[in-house]
Amino acid sequence: MSLLDQLNPQQREAVETTDGPLLILAGAGSGKTRVITYRVAYLAEYRGVPAENILAVTFTNKAAEEMRSRVQGLIRLPGLARPWVSTFHSFCVRVLRRDGPRIGLPRDFSIYDEDDQLRVVKSCLRQLGLVEKELQARAVLSRISHAKNHGRSPETFYLHASDPMMERVAVVYEEYAKALRQAHAVDFDDLLLEAVRLLREDAEVALQYNQRYPYILVDEYQDTNRTQYELVRLLTQTQQNLCAVGDEDQSIYSWRGADLRNIVEFEKDYPQARIIRLEQNYRSTPSILDAASAVVANNRYRKGKTLWTARQSGQKVGYYEGPDGENESLFVADWIARRRRQDPDEKIAILYRTNAQSRLYEEALRRYGLKYHVVGGVSFYERAEVKDLLAYLKAARNLQDSVSLLRCINSPPRGIGTTTVRKLEEMALEANRSFWDIMGQAIEQKLLPPRSLQALQPFRELMEELRAMPAESGASEILKTVMERTRYLESLEEEGTPEAFGRIENIQELLNAAADSHERGETLIQFLDHAALVSDADSYDENALISLMTLHSAKGLEFPVVFLVGMEEGLLPHSRSLMNAEALEEERRLCYVGMTRAQDALILTRAVSRRHYASAMAETSRASRFLSEIPASLLQDLSKRPADRGERHYEYEPSEPALSKVEGPEETAEQEDSVENVRRFFGLPAGRSEPVKTKRKPQTGFPAGSRVRHPKFGYGTVLRREGAGDDTKLTVNFHGVGLKKLVEKYADLERV
DNA sequence: AATGACAGGCTTTTT
DNA sequence: GCCTGTCATT
Ligand SMILES: Nc1ncnc2c1ncn2[C@@H]1O[C@H](COP(=O)(O)OP(=O)(O)OP(=O)(O)O)[C@@H](O)[C@H]1O
């Protein structure tokens, strides 16, 4: 079947309209991404456009990944040429690495992530003698970012400051900008802004990129901010074969500057523009689609659009209400475990509003022995030990990068403390030089106490050695040198704690990533850029069929089964949005996005009682208003509640017993609590069977939950323990290996 | 300078 | 409840 036959008439028209500006406006699941990907394939295969002349961009990594894999599935490209499919940010990095020097950007600039940015802001606050209590670094940073994205310089910001507080923010902003310049560093905002500046100021470069990418496609156009819009404008000066697709009902990034004007004024900015609407949804069953449409219809600031599906009516949208968060998560895990038996290959997503909500679900899934994959959250590259080592690499490439330098200067501890660092920082500020320069000067002219100098000297030598390593040596080679010289692993091993071993694992993972990168022929800088931009968590368990992620990350994806959990006032809609009508509408769109990810089954859940920061007393929640916006006829209540069952509040029976975690003597109070909840959940009288087991020789063997090491499989966690005596069998989840069932007696396990 | 105990605040959401 | 930042102790 040919490419075009797999499209409906409107989609087909959108794909064939290759020349001139085109805006596609359409609801969820109507094939917007399909149009983008087919269009790329069509251009390459039918119109003979060289793949490298096609640029497809979007905002999030996940959405870019989705696009990339779908394009790849569609075209069989000869040779190495590939269309450039990425996020705006990666695109800009590539542009700036190549042509940044033309606007005075150092070629080896560092990219500062939020953590780095905060360090800079804090240091500026300190230098200005401002107390963080009054001016929170995070708040200042968000003001700075907002100002930058609205084209305000520190000076303009200062002039517009309405109160003394804002004036101070303006001063911090100025210092912040100066610090970044001095560190040869750019933040995420700068990546876009500097790329725009480059294209604006250098006509020659602008022309080059215009010619290089005569075909540009933008997915999730409703998420673009003004800077990204500007970038697209600058790339479409000589030709306007621009295809933007979007859905105003899925605009969920206004809090970081996404601006619907980009969509609304598209026709104004591109007078030749054609607009095509897609109205058939191919993804979801009618119940799911109707429910989602009913919710979003409550938004007032919206034009409204048609969306229908030819799919047969499926199951109703499920609704489960549990007594507390734990029960809610166990319901989900149990439901999944049962479903798994019928269809072991089905993809399932658990979606939530905030990253913090993932914990309960991870725990529940682990208990059921289900493999899962968490997207986002504390990403791999954000872990302290990983960032420490990356800091060595960043500093090795760019010694002006003081944040990275300061990050690795005393990790592992080498006798350079805050006093020494503060002193040097002061000197640097005074001389208006970088930390590295001042450090060298201090050593040479003996400007510090001998003890400090003695500690600084070896550090300086190490960094010089790293810098001297050839630019094309890969990340892994340099990392190895760092590890050897600093005895990083050894000192962690000596620590001997489970946390330390966890860190060792992460470092091993980093070494693997670096080695892979080297094999692909990437330079150190490319490796670092990837680490900075693709803050993608646990890329290792990607084949797990159960995905946990925020509603934001889920946009653009689809799953046969979707759980939308925590459907409560305060969570969805989030409490921070209750004050203002526009924010509330955005929450509603978020709900819409989540619901429309589902293909065949959608289940909404909530907990009646929710602990907000856990320790605090549990509060009774109110059901999300979005639930009541779904017509009752589309909902099916999954929480049957017979009133006369005494203790047993919920009739729902587990299909397999949750794995007991009460055996080891080292259980924490929190886990005891969980067990108590499980028991209540299953309607068992409090504390009956398990405590008996607790008494049974807990010292021998490895209770569920203990961390172990196996000579062949490495480190892992015991999930389940069955049988007794010589026959005792353990189910262990080994990192990077997966589940293994072992006879305890022969397994040769070591406690860690 | 390094370590450990304690207080306080924190959670939107992404690059 | 957990992480971070601060303080006191060695
Ligand atoms: N003409 C078609 N024939 C068959 N399947 C289609 C067609 N158009 C779209 N689909 C399928 O419908 C699903 C949704 O399409 P797609 O992801 O492109 O929609 P979308 O508009 O980008 O959705 P969203 O905005 O919700 O992310 C995909 O599985 C896609 O393959």
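Throughout, a chain's letter reflects where its sequence line sits, starting with A, and its residues are numbered from 1. Keep in mind that this is a model prediction, so the values were computed, not measured. Keep in mind that the numbers below use all heavy atoms, side chains included, and drop hydrogens, waters and symmetry copies.
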Under 5.5 Å between ring centres and under 30° between planes: does that hold for H552(A) against the base of dT13(B)?
no

(request) Indicate whether OP1 or OP2 belonging to dT12(B) is found under 4.0 Å from a side-chain N or O atom of S575(A). (result) no

Under 3.5 Å between N/O atoms: give me all the protein pairs with nucleotides 1-4 of chain B, atom names plus distance.
| unit_1 | atom_1 | unit_2 | atom_2 | d |
| --- | --- | --- | --- | --- |
| dA1(B) | OP1 | G417(A) | N | 3.2 |
| dA1(B) | OP1 | T420(A) | OG1 | 2.9 |
| dA1(B) | OP2 | T419(A) | OG1 | 2.6 |
| dA2(B) | OP1 | G415(A) | N | 2.9 |
| dA2(B) | OP2 | N410(A) | ND2 | 3.0 |

Closest to the side chain of R138(A), out of dT11(B), dT15(B), dT13(B), is dT11(B)

| query | What does S553(A) touch in the nucleic acid at a heavy-atom separation under 4.0 angstrom: a base, only the sugar-phosphate, or nothing? | reply | sugar-phosphate

With respect to the phosphate group of dT14(B), does any side-chain polar atom (N or O) of N225(A) fall under 4.0 Å of OP1 or OP2?
no

Notebook entry, point to check: Taking the P atom of each, how far is dT4(C) from dT13(B), in whole Å?
Noted result: 15 Å

To the nearest angstrom, the CG-P distance between L360(A) and dC2(C) comes to 12 Å

inquiry  = Within 45 degrees of the ring normal and closer than 6.0 Å to the centroid, is that where the cationic atom of R94(A) sits relative to W84(A)?
reply    = yes

Whole-Å distance, L551(A) CG to dT14(B) C1', equals 14 Å

In whole angstroms, the gap separating P of dT11(B) from CD of E114(A) amounts to 10 Å

* Asked: Just checking Y253(A): base, sugar-phosphate only, or nothing, at a heavy-atom cut-off of under 4.0 Å?
  -> sugar-phosphate

Per atom distances to the T354(A) side chain, the nearest of dG5(C), dT14(B), dT13(B) is dT13(B)

Tell me whether the OP1 or OP2 atom of dT14(B) has a side-chain N or O from K555(A) closer than 4.0 Å. no

Per-pair stack call W255(A) and dT13(B), 5.5 Å, 30°: yes

Query raised in the report: Does the ring centre of F59(A) sit less than 6.0 Å away from the ring centre of F88(A)?
Result: no

I252(A) atom CD1 is separated from dT15(B) atom P, nearest whole Å, by 11 Å

For this session: Please say whether the positively charged group of R261(A), taken as NZ for Lys or CZ for Arg, lies over the ring of Y229(A), i.e. under 6.0 angstrom from the six-membered ring centre and within 45 degrees of the axis.
Result: no

From CG of D113(A) across to P of dT15(B) the rounded distance in Å is 12 Å

Taking dT11(B), dT13(B), dT14(B) as options, the one with an atom nearest any side-chain atom of R256(A) is dT14(B)

Check your understanding: Can the positive tip of R485(A) be found less than 6.0 Å from the middle of the six-membered ring of F459(A), inside 45° of the ring normal?
Key -> no

Q: Answer yes if the side chains of E230(A) and Q228(A) hold a donor-acceptor pair under 3.5 Å, and no otherwise.
A: no

S90(A) meets the side-chain contact (heavy atoms from CB on, under 4.5 Å) criterion, sequence neighbours left out, with S86(A), T87(A), L533(A)

Taking the same atom, C1', in dT6(C) and in dT11(B), what whole-Å distance lies between them? 22 Å

Residues pairing under salt bridge (charged side-chain N to carboxylate O under 4.0 Å, His left out) where one sits in residues 410-420 of chain A, two or more places apart or in two chains, turn out to be none

L571(A) atom CG is separated from dT12(B) atom C1', nearest whole Å, by 9 Å

R353(A) has its side chain closest, among dT12(B), dT15(B), dC3(C), to dT12(B)

Among dG5(C), dT11(B), dT14(B), the one nearest any side-chain atom of R576(A) is dT11(B)

I'd like to know if the side chain of E586(A) reaches the main chain of E582(A), judged simply by a donor and an acceptor atom lying under 3.5 Å from each other, with no hydrogens or angles considered. no

From CG of D189(A) across to C1' of dT14(B) the rounded distance in Å is 11 Å

Which of dC2(C), dT14(B), dT15(B) is nearest the side chain of N61(A)? It is dT15(B)

To the nearest angstrom, the CZ-P distance between R588(A) and dT12(B) comes to 21 Å

